[in-house]
Number of protein chains: 2
Amino acid sequence: MGATIKDVAALAGVAVSTASYALNGIGRVSPKTRDKVIVAAKQLNYQKNGIASDLKRSKTNTIALLLSDLSGPYYSRLIKGVQEVSLNNGYDLIACSSIGGESSTAVKFIKEKRVDGAIILAHNIPDRTILESAREGFPIVMLDRRLEHESVCYVEADNEKGGILATEHLIEAGHRKIAYVSGPASSKHNKDRYNGFVQAMNKHGLTIEPRWNLIGNFTEEGGYRAVKLMIAQGEIPEAVFFANDEMALGGITALNEAGIVVPDDISVIGFDDIVQARFLTPSLTTVRQPDYEVGALAVHLIFQILKGETVSPQYKLDTELVSRGTVRSPL
Amino acid sequence: MGATIKDVAALAGVAVSTASYALNGIGRVSPKTRDKVIVAAKQLNYQKNGIASDLKRSKTNTIALLLSDLSGPYYSRLIKGVQEVSLNNGYDLIACSSIGGESSTAVKFIKEKRVDGAIILAHNIPDRTILESAREGFPIVMLDRRLEHESVCYVEADNEKGGILATEHLIEAGHRKIAYVSGPASSKHNKDRYNGFVQAMNKHGLTIEPRWNLIGNFTEEGGYRAVKLMIAQGEIPEAVFFANDEMALGGITALNEAGIVVPDDISVIGFDDIVQARFLTPSLTTVRQPDYEVGALAVHLIFQILKGETVSPQYKLDTELVSRGTVRSPL
DNA sequence: CTGTTAGCGCCTTCAC
DNA sequence: GTGAAGGCGCTAACAG
């Protein structure tokens, strides 16, 4: 099959070590020998075997981004952050999915030491597995939950503050009857956002109606169904806070179908600022997470740890309100 | 750092090979010994070094999807196809980007034999590089261009037929003056779509106005500018065929700004059916590529080749018209 | 059923 | 400046 460094050395008439030095541009080789080696390599179309190299150096120079599904949802800005910082540090980045759980590519890569560090945004990898893979000198940054382990840290947007932001925006617009459509109970993000919602409501002396605490599961379909249910109950609230944009998309569809117009009859706010938000009519008011920064910080931490510096176990970044067209103007 | 198989063997009081057999569940080991080994492994929290294993077996059991940028654009359906078929065949899948060209992760992975096969959708990797990496027993499937090499094949949607489909849809709606906003001249996809456009126009005896041959570069910004230019020229056509949806998005923005209403004053059709298309108002009529199938077929071919079967060098899949709201109804 | 052994391909210390 | 040799951790003959 492919030529090995041995073949190159043989063809160039030098020892393997010399070929290695020449190819890797490490001093101690005369220009003449170096050229001979390089010519030989080119002639044989030699490409080093990265695996052998990694094994020898026990270092892969690549970090992995573990996603629950490569085909979506789409963390564009986050990935951009991860990507740019990795590149700037001269590291390679690969993305893989945790579909298949214990036997998934994602798990295989962290367990089998195929990368030097990992960023995890894959709720379906159990804590136990991550803890088993975590080891000294192998940094892991969690993006979807907190985990107690000394070489694992956690970066998140301040979802609670975001929840407060969203809720107060609705309140400032004059709304008092506000519904909340939640994500899965297991989600920390949902929990935090909901806490923010509750805090803001309490602070302004507003009551939370249990029947307006709907469940949407973070999916478009779930948002749609939640709103259908809400409508079926008769009285509709003045505003709805969807714990993420995808649910808002579905919810707005349901509202439209019922002839309830946004934002004249009801205000809507989402969370995340996904790409579609801007293209809706009216465009979706939402809370933007600092995705890029989260991603950038995550890799940054990886490198810090790799360099032996210590980092705090948890980081929290600010969110920002993106005011668009689905919340009626303040009175 | 981590325990190696040697440590496990020592602790279990057996030879390394026995430990290996036991761990990999290959016959020839008594249940008793097997258990001993497994217990020892668990006790040491042993995880095999995948790199060493790959090196030994000279096989990685993973295939790579090379993208020009991990952070977008978003080939959701395509990736889904790739992902599912890979998984079904028991292979791992990783995605990496070709940002950085020759020194990118993508190039490194194919050149250095870090994967068993690759699917390439990364126009910024030069042909030469791919040809250098292509070798017997290393299948490469191209998705963005055709390449002459016996272990490289090509899968595409039938862009030409799609171009015809789009154009005829416009013509059937009664339009005769049709503009075309093209992608970059270097793009094969654009070329094929344009060919389809020309064929359909000719077939129906319609003439293509040079001034309505605009350039949009496949970007939203480009589409916007193309339409601005078109408007500046005075007379506007009855319909515009954007060679992709992103340009249509920008173009529609420009149209709106000029007070030209879609589809009453002008019809618009795109190509690709990106996620946003459905959320526009009116929603975008477009041509859908069989993305999922393209991805699925691509990996499928990889496996065929890996198994030593021969495949044809090129595959073409059908496109489909998605009729929505931006083309006025037929007269 | 279990142990010994020879590499996979490369890097790197150590002598020369 | 160059070469010989050991070994990264694992697998898979081959013996026993």
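Sequence lines set the chain letters: A, B, ... in the order given, protein chains first and strands last, and positions in each chain run from 1.
- If you run side chain to side chain contact (heavy atoms under 4.5 Å, CB included) between A:Ile63 and each of A:Leu93, A:Asp92, A:Val85, only A:Leu93 comes through.
- In this structure, the CG atom of B:Asn49 is 8 Å from the C1' atom of D:dC10, given to the nearest Å.
- Contact between the side-chain N/O atoms of B:Ser20 and the OP1/OP2 oxygens of D:dC10 is not found at any separation under 4.0 Å.
- Of the two residues near DNA chain C, B:Ala52 and B:Pro31, the one whose nearest nucleotide lies more 5' is B:Pro31.
- C:dT12 atom P lies 13 Å from atom CG of A:Leu23, rounded to whole Å.
- Here A:Ser17 lies in heavy-atom contact (under 4.0 Å) with a base.
- For the side chain to side chain contact (heavy atoms under 4.5 Å, CB included) test with A:Glu156, the passing option among A:Asp192, A:Asp144, A:Val294 is A:Asp192; the others fail.
- Taking only side-chain nitrogens and oxygens, A:Ser30 never comes nearer than 4.0 Å to OP1 or OP2 of D:dG1.
- For C:dC11, the OP1/OP2 oxygens have no side-chain nitrogen or oxygen of A:Lys59 closer than 4.0 Å.
- Of all nucleotides listed (C:dT2, D:dT11, C:dG9), D:dT11 comes nearest to the side chain of B:Ser53.
- Taking only side-chain atoms of A:Lys56, from C-beta outward, the nucleotide of D:dA13, D:dG6, D:dG9 with the closest atom is D:dG6.
- Look at NZ on B:Lys113: it is 14 Å from P on C:dC8, rounded to the nearest Å.
- Between atom OH of residue B:Tyr74 and atom OG of residue A:Ser71 there is a gap of 5.5 Å, rounded to the nearest 0.5 Å.
- For D:dG1, neither phosphate oxygen OP1 nor OP2 lies less than 4.0 angstrom from any side-chain nitrogen or oxygen of A:Lys32.
- Remark: P of D:dG9 and CD of B:Gln47 are 15 Å apart, rounded to the nearest angstrom.
- Dashed line: the shortest gap from a side-chain N or O of A:Tyr46 to OP1 or OP2 of C:dC10 is under 4.0 Å.
- The side chain of B:Val16 lies closest to D:dT11, out of C:dC11, C:dT12, D:dT11.
- Atoms OG and CG, on B:Ser76 and A:Asp69 in that order, are 7.5 Å from each other to the nearest 0.5 Å.
- Whole-Å rounding puts the A:Lys6 NZ to C:dG7 P distance at 9 Å.
- We find that CG of A:Leu55 is positioned 18 Å from P of D:dG6, with the value rounded to whole Å.
- Contact annotation: A:Asn24 reaches the phosphate of C:dC11 (side-chain N/O to OP1 or OP2, under 4.0 Å).
- Atoms CG (B:Asp54) and P (C:dC10) sit 15 Å apart, rounded to a whole Å.
- The side chain of A:Ile5 sits closest to C:dC10 out of D:dC10, D:dA4, C:dC10.
- Backbone-only contact: B:Val14 has heavy atoms under 4.0 Å from sugar-phosphate atoms and none from a base.
- Test B:Ile119, B:Leu121, B:Ile110 against B:Leu66 for side chain to side chain contact (heavy atoms under 4.5 Å, CB included) and you get one pass: B:Ile110.
- Nucleic acid contact class of A:Ser58 (heavy atoms, under 4.0 Å, all strands): none.
- Atom CZ in A:Arg57 sits roughly 13 Å away from atom P in C:dT13 (whole-Å rounding).
- The side-chain tip of B:Arg114 points at the ring of B:Phe109 from less than 6.0 angstrom away and within 45° of straight on.
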